[in-house]
Amino acid sequence: DAGVIQSPRHEVTEMGQEVTLRCKPISGHNSLFWYRQTMMRGLELLIYFNNNVPIDDSGMPEDRFSAKMPNASFSTLKIQPSEPRDSAVYFCASSLGTGSYGYTFGSGTRLTVV
Amino acid sequence: KQEVTQIPAALSVPEGENLVLNCSFTDSAIYNLQWFRQDPGKGLTSLLLIQSSQREQTSGRLNASLDKSSGRSTLYIAASQPGDSATYLCAVYNNNDMRFGAGTRLTVKP
């Protein structure tokens, strides 16, 4: 298995633009998680899905952030409009079940909003 | 709310030393604990996963222990090498939520 695949690896965009981050979980994993990592706050859980259904989105910072999982093999995290304070590394992780077997992380998307 | 603390925040050792990284958590009702390694600018690589019913896990030069009742875990690295230089993150899982510590940045000097 190729692991959790995220795209793009790097994204530089101007403030106010829409940004879409993509994730393909490991085949057979039925839980998917979006995390954000910054120097100041470390790793923060934004949202997680179980069987394609959003279970907990309490970590989504504000309405500018939205996430979807239209099927078991694809998820998106969208920021609209983007702001400089959204600059961070965004990680996607997947697991079998809801995490009792551990998480597998993707390589992340480094987002820079200028 | 679960809080995870890692001590020390940074550690520098000469090559060949054995070392211990510490992780503590406030809510002992966990399902598992996972140790990750993160290289600069890279993602997280899982090192060891310890289920709540287990006391330790070993992989090569790495040994992770778990004392759930006291809310502690340690990651022991034997015979450290410069290639071990990275940030090590501890994460605990309970209630459909995985919480991470801030990590320990390890530097192994040749």
Side-chain angles (χ1 to χ4, degrees), chain A residues 1-10 21 23-26 29-51 53-59 88-112, chain B residues 1-10 21 23-25 27 29-54 56-57 59 62 64 66 68 73 75 86-105:
Chain A
D1 196 316
V4 177
I5 299 173
Q6 291 187 246
S7 65
R9 290 297 306 274
H10 303 275
L21 311 181
C23 176
K24 176 179 168 52
I26 290 175
H29 282 190
N30 59 348
S31 290
L32 183 141
F33 309 82
W34 282 101
Y35 282 86
R36 178 171 67 177
Q37 186 178 41
T38 60
M39 289 292 291
M40 290 295 294
R41 300 172 70 92
L43 271 161
E44 301 173 282
L45 177 66
L46 300 177
I47 185 171
Y48 85 88
F49 295 84
N50 183 245
N51 293 323
V53 176
I55 303 300
D56 183 358
D57 65 354
S58 59
V89 181
Y90 291 81
F91 287 103
C92 174
S94 70
S95 73
L96 184 62
T98 52
S100 54
Y101 297 98
Y103 290 16
T104 302
F105 277 76
S107 298
T109 294
R110 181 174 296 276
L111 173 65
T112 303
Chain B
K1 178 181 171 182
Q2 179 77 271
E3 293 185 6
V4 183
T5 304
Q6 290 188 246
I7 295 173
L21 307 181
C23 172
S24 61
F25 45 95
D27 183 352
I30 65 170
Y31 285 102
N32 61 50
L33 183 145
Q34 198 166 359
W35 282 94
F36 292 89
R37 167 186 174 139
Q38 186 174 28
D39 293 283
K42 303 293 185 181
L44 279 71
T45 301
S46 179
L47 298 174
L48 290 164
L49 171 67
I50 311 176
Q51 299 293 345
S52 62
S53 59
Q54 298 174 322
E56 66 177 348
Q57 284 286 331
S59 176
L62 305 181
L66 174 63
K68 213 173 70 161
S73 176
L75 179 66
T87 296
Y88 291 80
L89 293 152
C90 160
V92 297
Y93 174 74
N94 61 347
N95 296 327
N96 299 323
D97 187 14
M98 178 170 274
R99 295 281 168 172
F100 285 81
T104 294
R105 188 174 68 254

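Note that the structure is a prediction, hence the values are computed from the model and not measured. Atom set for the values below is all heavy atoms of this structure, side chains included, hydrogens, waters and symmetry mates excluded.
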Engineer: Between A/F91 and B/F100, does the ring centroid distance fall short of 6.0 Å?
Structural biologist: no
Engineer: Contact part of B/L49 toward chain A, heavy-atom cut-off under 4.5 Å: side chain, backbone, both or neither?
Structural biologist: side chain
Engineer: Between B/L89 and A/L43, is the side chain to side chain contact (heavy atoms under 4.5 Å, CB included) condition met? List the steps.
Structural biologist: CA-CA 10 Å; B/L89 293 152; A/L43 271 161; 4.3 Å; yes
Engineer: Measuring only between side-chain heavy atoms, which start at C-beta, is B/M98 closer than 4.5 Å to A/Y103?
Structural biologist: yes
Engineer: Can you say whether A/Q37 sits under 4.5 Å from chain B via the side chain, the backbone, both, or neither, judging by heavy atoms?
Structural biologist: side chain
Engineer: For the interface with chain B, which of A/G106, A/G108, A/G42, A/S107 has the highest count of heavy-atom pairs at distances below 4.5 Å?
Structural biologist: A/S107
Engineer: Under 4.5 Å, heavy atom to heavy atom: which of residues 34-42 of chain B reach chain A? Give them by number, or say none.
Structural biologist: B/Q34, B/F36, B/Q38, B/G41, B/K42
Engineer: In this structure, are over 12 heavy atoms from other groups packed under 6.0 Å from B/Q54 atom CD?
Structural biologist: yes
